[in-house]
A.B. asks: 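Pasting in a structure now, in C-alpha cells, and then I'll have a few things to ask.
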Amino acid sequence: WSLDGTPTDCVNVALYQLLDAPPDAVLSGVNAGYNLGDDLTYSGTVAGQGYALVDPEAIDTVAILAPAHRVGFFGVDVGEFTAMSTPLGNIPVATEICAALKKASPHIQGRRQVFRQEHAIEVHLPFLQVAFARKKRSFRVVPMLVGQADRETVAAVATALKACLPRERTLVVVSSGFTHFGRNFGYEPFHGANILEQLQKLDQGAASLALQLRTDEFLDYIERTGATVCGARPIAILTAFLQGCGRLNCKFVAYANSADATRDTSHCVSYAALAFEAAIAVEPARATQTAAPEAPAPGTLAAADQQAL
C-alpha cells in the first residue's frame with residue numbers, strides 16, 4: 001500500500017480502515033519525512049500510552065483540567081458553551097455539571113473568553129474521539145481552565161469536583177507538560193552534559209509526590225525547585241480530589257523529553273503520563289489482611305516505576 005500522507009496517517013489508515021484487529025507491532029522505517037515518533041511531536045507518544053489505558057465502554061463523562069496559557073486570571077473557569085469541535089466532529093459539553101460547579105464554589109467562574117485560542121484542552125480531544133469511536137461510544141466533556149490558584153483555591157475546587165462530578169463512569173484528565181527547560185523558559189538550574197538525566201531526576205521527584213497524592217508536598221516541591229510544570233495547579237487539584245476516593249492503583253505510565261526527538265537540550269520540555277485507577281474491590285469472604293507496602297520516601301518512585309522512568 002502507498003499513502004499520500006504522513007507516517008501517522010499510514011498507521012491510522014491501517015488501524016481503522018484496513019486491518020480487522022490491531023497489529024502486534026508497528027515499524028516506522030526510513031521515509032522521505034519524519035519518523036513516526038517525530039510526527040507525533042512532542043508529547044503525543046506519551047499521551048497515547050496514557051489513553052491506551054482508557055476503557056470507553058466504562059466512561060460517559062470526561063472532565064479535563066488544563067492550565068491557561070493565553071489569558072491571566074485567578075481561579076478556575078468552566079466552559080459555558082454547548083460543544084467543543086475538532087476536525088473529527090463535535091463533542092457535547094455537560095452543561096449541567098458546569099453550572100453545578102459554578103454554584104459549588106466562588107473560585108469557579110464561566111468566562112468564555114479565557115478559552116479562546118487555548119490549546120491545552122483541545123490537544124486531548126482527538127485522542128478521546130478516536131478511542132471512543134473505535135468502541136462506537138460517545139462522551140460528554142467538562143472543560144476547565146485553571147489560572148493562578150493558591151492552596152485554598154486548590155482545595156475548594158477539589159471539593160467542588162467531588163460534589164458535582166458523577167461518582168461513576170467519569171474520567172478526569174489533567175493536561176500538563178513537566179519541566180520546561182532553557183533560556184526562553186527562564187529556567188536553567190543546571191548545565192553540562194547530563195542535562196536530560198538531571199531533568200529526569202527533577203521530574204521524578206514531582207511525579208512521585210503526585211502519585212502519592214501528597215498535594216501540599218507536591219506544591220512545596222514545585223515552589224522549592226522552581227520546576228516549570230505548566231499544569232502544577234491542575235495536578236494539585238487532581239491529587240486533592242482523589243484523596244478520600246478509596247483505594248487507587250497509581251502508576252507511572254510513560255516519560256519522554258522533546259530533546260529525544262530534536263537532540264537540543266538547550267530548549268526542551270519533559271512529558272509524563274501518570275494513571276490513577278480505582279482498585280478492584282475484593283469480595284469480603286476472600287479478603288485477607290496484609291501489611292500495607294511501605295510508601296516511597298518523598299521525591300522517589302517505587303522500584304518498578306523507577307525502571308519505567
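This chain uses plain numbering: 1 for the first residue, then up along the sequence.
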A.B. asks: Nearest 0.5 Å, what's the CD-CG distance between Gln198 and Leu202?
C.D. replies: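 With rounding to 0.5 Å, CD (Gln198) is 9.5 Å from CG (Leu202).
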
A.B. asks: Would you please indicate yes or no on a ring centroid separation below 6.0 angstrom for His267 and Phe185?
C.D. replies: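 Yes, the ring centres sit under 6.0 Å apart.
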
A.B. asks: With rounding to the nearest 0.5 angstrom, report the OG to CZ distance, Ser176 to Arg233.
C.D. replies: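 Ser176 OG to Arg233 CZ: 11.5 Å, rounded to 0.5 Å.
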
A.B. asks: Are more than 12 heavy atoms from other residues, nucleotides or ligands located less than 6.0 Å from atom CD of Gln117?
C.D. replies: no

A.B. asks: Kindly indicate, with the supporting measurements, whether the criterion side chain to side chain contact (heavy atoms under 4.5 Å, CB included) is fulfilled by Val93 and Met84.
C.D. replies: CA-CA 7 Å; Val93 172; Met84 300 191 75; 4.1 Å; yes

A.B. asks: Looking at side-chain heavy atoms only, is the closest gap between Arg111 and Glu80 below 4.5 Å?
C.D. replies: no

A.B. asks: Indicate whether the side chain of Thr215 and that of Gln243 have a donor and an acceptor atom separated by less than 3.5 Å.
C.D. replies: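 Yes, side-chain donor-acceptor contact under 3.5 Å.
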
A.B. asks: Atom OG in Ser270, atom CG in Leu196: separation rounded to 0.5 Å?
C.D. replies: 7.5 Å

A.B. asks: Counting C-beta onward and ignoring hydrogens, is there a side-chain heavy-atom pair between Val54 and Leu171 closer than 4.5 Å?
C.D. replies: yes

A.B. asks: Do Phe276 and Leu65 belong to the same hydrophobic cluster, where Ile, Leu, Val, Met, Phe, Trp and Tyr are linked whenever their side-chain heavy atoms lie under 4.5 Å apart, directly or via other members?
C.D. replies: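 In one cluster: yes.
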
A.B. asks: Taking side chain as C-beta onward, heavy atoms only, is Val62 less than 4.5 Å from Val142?
C.D. replies: no

A.B. asks: Main chain of Asp216, side chain of Tyr221: is a donor-acceptor contact present, judged purely on distance under 3.5 Å?
C.D. replies: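 Not a single qualifying donor-acceptor pair exists.
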
A.B. asks: Can you see which heavy atom on Ala160 is nearest to which on Ile108, and at what distance?
C.D. replies: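 Nearest heavy atoms, Ala160 then Ile108: CB-CD1, 3.8 Å.
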
A.B. asks: Does atom CD of Glu168 have more than 12 heavy-atom neighbours, drawn from other residues, nucleotides or ligands, at distances under 6.0 Å?
C.D. replies: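 No.
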
A.B. asks: For a quick test of reading the model, state the closest non-hydrogen atom pair linking Thr265 to Ala259 and the distance between them.
C.D. replies: CG2-CB, 4.0 Å

A.B. asks: Once the angle between the rings of Phe132 and Phe139 is folded into 0 to 90°, is it parallel (under 30°), tilted (30 to 60°) or perpendicular (over 60°)?
C.D. replies: tilted

A.B. asks: Determine whether Ile97 and Val141 fall in the same hydrophobic cluster, where Ile, Leu, Val, Met, Phe, Trp and Tyr are linked whenever their side-chain heavy atoms lie under 4.5 Å apart.
C.D. replies: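 No: no chain of side-chain contacts under 4.5 Å links Ile97 to Val141.
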
A.B. asks: Can you classify the ring geometry of Phe127 versus Tyr51 as parallel (below 30°), tilted (30 to 60°) or perpendicular (above 60°)?
C.D. replies: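 If you compare the ring of Phe127 with that of Tyr51, the planes turn out parallel.
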
A.B. asks: Does Arg137 form a salt bridge (charged side-chain N to carboxylate O under 4.0 Å, His left out) with Asp60? I'd like the steps, not just the answer.
C.D. replies: CA-CA 9 Å; Arg137 294 274 303 165; Asp60 295 323; 2.7 Å; yes

A.B. asks: Just wondering, more than 12 heavy atoms not from Gln148 lying within 6.0 Å of its CD?
C.D. replies: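 Counting other residues, nucleotides and ligands, CD of Gln148 stays at 12 neighbours or fewer.
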
A.B. asks: Cluster question for you: counting only ILVMFWY and a side-chain heavy-atom cut-off of under 4.5 Å, with indirect links fine, are Leu242 and Phe218 together?
C.D. replies: yes

A.B. asks: Identify the two heavy atoms, one from Ser43 and one from Tyr271, that lie closest to each other, and give their separation to 0.1 Å.
C.D. replies: CB-CD2, 3.3 Å

A.B. asks: Test Leu248 against Leu213 for side chain to side chain contact (heavy atoms under 4.5 Å, CB included), laying out the working first.
C.D. replies: CA-CA 10 Å; Leu248 296 172; Leu213 308 184; 3.9 Å; yes

A.B. asks: How close do Leu128 and Ile64 get, counting heavy atoms only, and between which atoms?
C.D. replies: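 Scanning both residues completely, I find the closest heavy atoms to be CD1-CD1, 4.1 Å.
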
A.B. asks: Return the NE2 to SG distance between His180 and Cys268, rounded to the nearest 0.5 Å.
C.D. replies: 10.5 Å

A.B. asks: Would you mind reporting whether Leu53 and Lys251 have side-chain heavy atoms less than 4.5 Å apart?
C.D. replies: yes

A.B. asks: Is the distance between the ring centroids of Phe181 and Phe190 under 6.0 Å?
C.D. replies: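 Under 6.0 Å, so yes.
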
A.B. asks: Under a 3.5 Å distance rule, please check whether Ser175 uses its side chain to pair with a backbone N or O of Ala120 as donor and acceptor.
C.D. replies: yes

A.B. asks: When you compare the side chain of Pro143 with that of Cys98, does any pair of heavy atoms fall below 4.5 Å?
C.D. replies: yes

A.B. asks: Please report the closest heavy-atom contact between Ala210 and Thr239, naming both atoms and the distance.
C.D. replies: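 That closest heavy-atom pairing would be O-CG2, 3.6 Å.
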
A.B. asks: Could you state whether Val174 and Phe115 fall into the same hydrophobic cluster, counting links through intermediate Ile, Leu, Val, Met, Phe, Trp or Tyr residues with side-chain heavy atoms under 4.5 angstrom apart?
C.D. replies: no

A.B. asks: Roughly how far apart are Lys201 NZ and Thr225 OG1, rounded to 0.5 Å?
C.D. replies: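 OG1 of Thr225 is found 12.5 Å from NZ of Lys201.
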
A.B. asks: May I ask you to decide if Val269's main-chain N or O and Ser258's side chain share a donor-acceptor pair within less than 3.5 Å?
C.D. replies: yes

A.B. asks: Is there a side chain to side chain contact (heavy atoms under 4.5 Å, CB included) between Leu101 and Met144 once you walk through the steps?
C.D. replies: CA-CA 10 Å; Leu101 284 165; Met144 303 180 68; 4.1 Å; yes

A.B. asks: For Arg140 and Glu96: C-alpha separation, side-chain torsions, deciding distance, then whether salt bridge (charged side-chain N to carboxylate O under 4.0 Å, His left out) applies.
C.D. replies: CA-CA 11 Å; Arg140 299 188 306 160; Glu96 79 286 358; 2.7 Å; yes

A.B. asks: Keeping Thr170 on the side-chain end and Arg167 on the backbone end, is there a donor-acceptor pair under 3.5 Å?
C.D. replies: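 Side chain of Thr170 to backbone of Arg167, a donor-acceptor pair under 3.5 Å: no, none is there.
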
A.B. asks: Between the main-chain N or O of Pro166 and the side-chain N or O of Arg169, is there a donor-acceptor pair closer than 3.5 Å?
C.D. replies: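 Not confirmed, Arg169 side chain does not pair with Pro166 backbone.
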
A.B. asks: Are side-chain heavy atoms of Leu145 and Glu118 found at a separation under 4.5 Å?
C.D. replies: yes

A.B. asks: Under a 3.5 Å cutoff, is there a donor and acceptor pairing between the side chains of Ser208 and Gln212?
C.D. replies: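 Yes, Gln212 and Ser208 have a side-chain donor paired with an acceptor closer than 3.5 Å.
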
A.B. asks: For the hydrophobic clusters of this structure (ILVMFWY residues joined by side-chain heavy atoms under 4.5 Å, transitively), does one cluster hold both Ile235 and Leu219?
C.D. replies: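 Yes, because Ile235 and Leu219 connect within a single hydrophobic cluster, where side-chain heavy atoms sit under 4.5 Å apart.
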
A.B. asks: Any side-chain heavy atom of Gln129 within less than 4.5 Å of one from Thr86?
C.D. replies: yes

A.B. asks: Do Val146 and Pro67 touch side chain to side chain, with heavy atoms closer than 4.5 Å?
C.D. replies: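 They are not in contact (no side-chain heavy atoms under 4.5 Å apart), so the answer is no.
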
A.B. asks: Under the side chain to side chain contact (heavy atoms under 4.5 Å, CB included) rule, what do Lys102 and Val78 come out as? Steps first, then yes or no, please.
C.D. replies: CA-CA 8 Å; Lys102 281 183 59 180; Val78 293; 3.7 Å; yes

A.B. asks: Do any N or O atoms from the side chain of Asp203 and from the backbone of Gln200 form a donor-acceptor pair under 3.5 angstrom?
C.D. replies: no

A.B. asks: Taking the side chain from Asn194 and the backbone from Glu197, do they hold a donor-acceptor pair closer than 3.5 Å?
C.D. replies: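 No, Asn194 side chain to Glu197 backbone: no donor-acceptor pair under 3.5 Å.
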
A.B. asks: Of all the heavy-atom pairs spanning Ile121 and Ala66, show the shortest one and how long it is.
C.D. replies: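 Minimum heavy-atom separation between Ile121 and Ala66: CG1-CB, 3.6 Å.
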
A.B. asks: How far does CD of Glu57 sit from CD1 of Ile59, to the nearest 0.5 angstrom?
C.D. replies: 10.5 Å

A.B. asks: Is Arg151 salt-bridged to Glu223, cutoff N-O under 4.0 Å?
C.D. replies: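 Here Arg151 pairs with Glu223 in a salt bridge, since their nearest N and O are under 4.0 Å apart.
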
